[in-house]
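Bear in mind the structure is a predicted one, so any value in this text is a computation, not a measurement. All residue numbers in this chain count up from 1 along the given sequence.
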Amino acid sequence: MILVINSINGIASGYRSKVNQLYVGIIVLLLISLLAGCTSEETSTKSIPITELIDYKTFVSYEDGMLGNPLILRQGATSHLFVYDAAKKQVLKLDSNGKVVNSFGGQGRGPGEFIMVNNMFLADNQLYIVDQVQMKISRFGLDGKLDGTFNFGKKRSHAVPPPAPRAKTPRAIDIDNQPVVTSKGNVLLSAIKPKGTSKSLYELVDWEDNHIASLGEMPKGSVFTLNYDQYQSMVKEGEIPTFYKPKAFAVNDQANPDEIYLVYSES
């Protein structure tokens, strides 16, 4: 069940993005049962058209040896492809012929370096690389030069600590409550505090960490410490565990880059 709660326009001077909040039920089995019970003769006779994609072009192949372990892809406005390659430990910029024309960052803890890339964003002709281990966002010009660093770990406390380094090949971690860079270059950060004192799920700030808005009302009954017995009991009763209620993630609207949806669970 999806319910659009509201839309926020013009939340700050010069910032016109809209943020829609969606409550999404996560009880999949119950949803499937509901949909099965709601079928009718009219809907059952309809068929969904299938489009077969037969025309395609290989952009880059493993056989070329150019990429080792590509994990995150972003397409630029000029048909360039930005690829985080965990094997090469860099973000590579490829042209329309699949050739590397630039690289960004590298493995390490210095300026512009990262331990594990969690996400990437292209906004306002710049590339933003999120390192969840070091809790920082590196901003690069599309020419590969570092343009600044946003250290969101030192600027605020978080309920969830960064993940421990992985012994195996690094990979993107879960998407819940992770930083998001908007089309204007502002940053959407988790507002959840260790003791659960926050009333909102996210805080919108500019690159200098100046507050713009608080977004996403904290679901009632949210808890921030996992009680396994309570968790099991709520699952058996078909309820959303209170530990998962403040879990949220943002979704960009490709057709409207100034629009962001917050998706999270609610009864």
Walk me through it: do Val187 and Phe152 pass the test side chain to side chain contact (heavy atoms under 4.5 Å, CB included)? CA-CA 10 Å; Val187 185; Phe152 59 91; over 6 Å; no

Tell me, with the steps shown, if Met218 and Ile192 meet side chain to side chain contact (heavy atoms under 4.5 Å, CB included). CA-CA 9 Å; Met218 186 70 66; Ile192 299 175; 4.1 Å; yes

Side chain to side chain contact (heavy atoms under 4.5 Å, CB included), that's the test. Do Ile212 and Val205 meet it? Break it down for me. CA-CA 5 Å; Ile212 297 176; Val205 300; 5.6 Å; no

Please step through side chain to side chain contact (heavy atoms under 4.5 Å, CB included) for the pair Val180 and Phe121, ending with a clear verdict. CA-CA 8 Å; Val180 173; Phe121 300 90; 3.8 Å; yes

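Residues Val181 and Asn186 have side chains not in contact (no heavy-atom distance under 4.5 Å, counting atoms from C-beta outward). Counting only heavy atoms from C-beta outward, the side chains of Leu188 and Leu262 approach each other to under 4.5 Å. Counting heavy atoms from C-beta outward, Tyr264 and Pro219 have side chains that approach closer than 4.5 Å. Contact of the Ile137 side chain with the Pro179 side chain is registered, since non-hydrogen atoms from C-beta on lie closer than 4.5 Å.
Using a 30° and 60° split on the angle between ring planes, Trp207 and Phe150 fall in the tilted class, from 30° to 60°. Note on ring orientation: taking the six-membered ring where Trp is involved, the planes of Tyr231 and Tyr244 are tilted (angle from 30° to 60°).
When hydrophobic clusters are built by joining Ile, Leu, Val, Met, Phe, Trp and Tyr residues whose side-chain heavy atoms come closer than 4.5 Å, directly or via intermediates, Leu73 is grouped together with Leu67. Hydrophobic clustering (side-chain heavy atoms under 4.5 Å, transitive across Ile, Leu, Val, Met, Phe, Trp, Tyr) groups Val223 together with Leu226. Residues Val83 and Val60 share a hydrophobic cluster, clusters being chains of Ile/Leu/Val/Met/Phe/Trp/Tyr side chains in contact below 4.5 Å.
Rounding to the nearest 0.5 Å gives a distance of 11.0 Å between OG of Ser103 and CG of Leu94. To the nearest 0.5 Å, the span separating OG1 on Thr78 from CG on Leu142 amounts to 7.5 Å.
Counting all heavy atoms, side chain and backbone alike, Leu146 lies closest to Gly112 at CD2-N, 3.6 Å. Looking at every heavy atom in both residues, Phe140 comes nearest to Ile129 through CE1-CD1, 3.7 Å.
Looking only at distances, no side-chain donor or acceptor of Asn119 sits under 3.5 Å from a matching main-chain atom of Val130. For the pair Asp124 (side chain) and Gln126 (backbone), a donor-acceptor distance under 3.5 Å is absent. Here the side chain of Arg74 pairs a donor or acceptor atom with the backbone of Met120 at under 3.5 angstrom.
Under 4.0 Å is where a charged nitrogen must lie from a carboxylate oxygen, and between Asp258 and Lys184 at least one such pair does.
Environment of CG in Asn125: sparse, with no more than 12 heavy atoms of neighbouring residues, nucleotides or ligands closer than 6.0 Å.
Judged purely by distance below 3.5 Å, without hydrogens or angles, the side chains of Gln178 and Gln132 pair a donor atom with an acceptor atom. Side-chain N/O atoms of His80 and Gln75 include no donor and acceptor closer than 3.5 Å. Side-chain contact check for Thr242 and Gln230: at least one donor-acceptor pair (N or O, by modelled atom type) lies under 3.5 Å.
Every residue meeting the salt bridge (charged side-chain N to carboxylate O under 4.0 Å, His left out) condition with Arg139, not counting sequence neighbours, appears here in chain and number order: Asp147.
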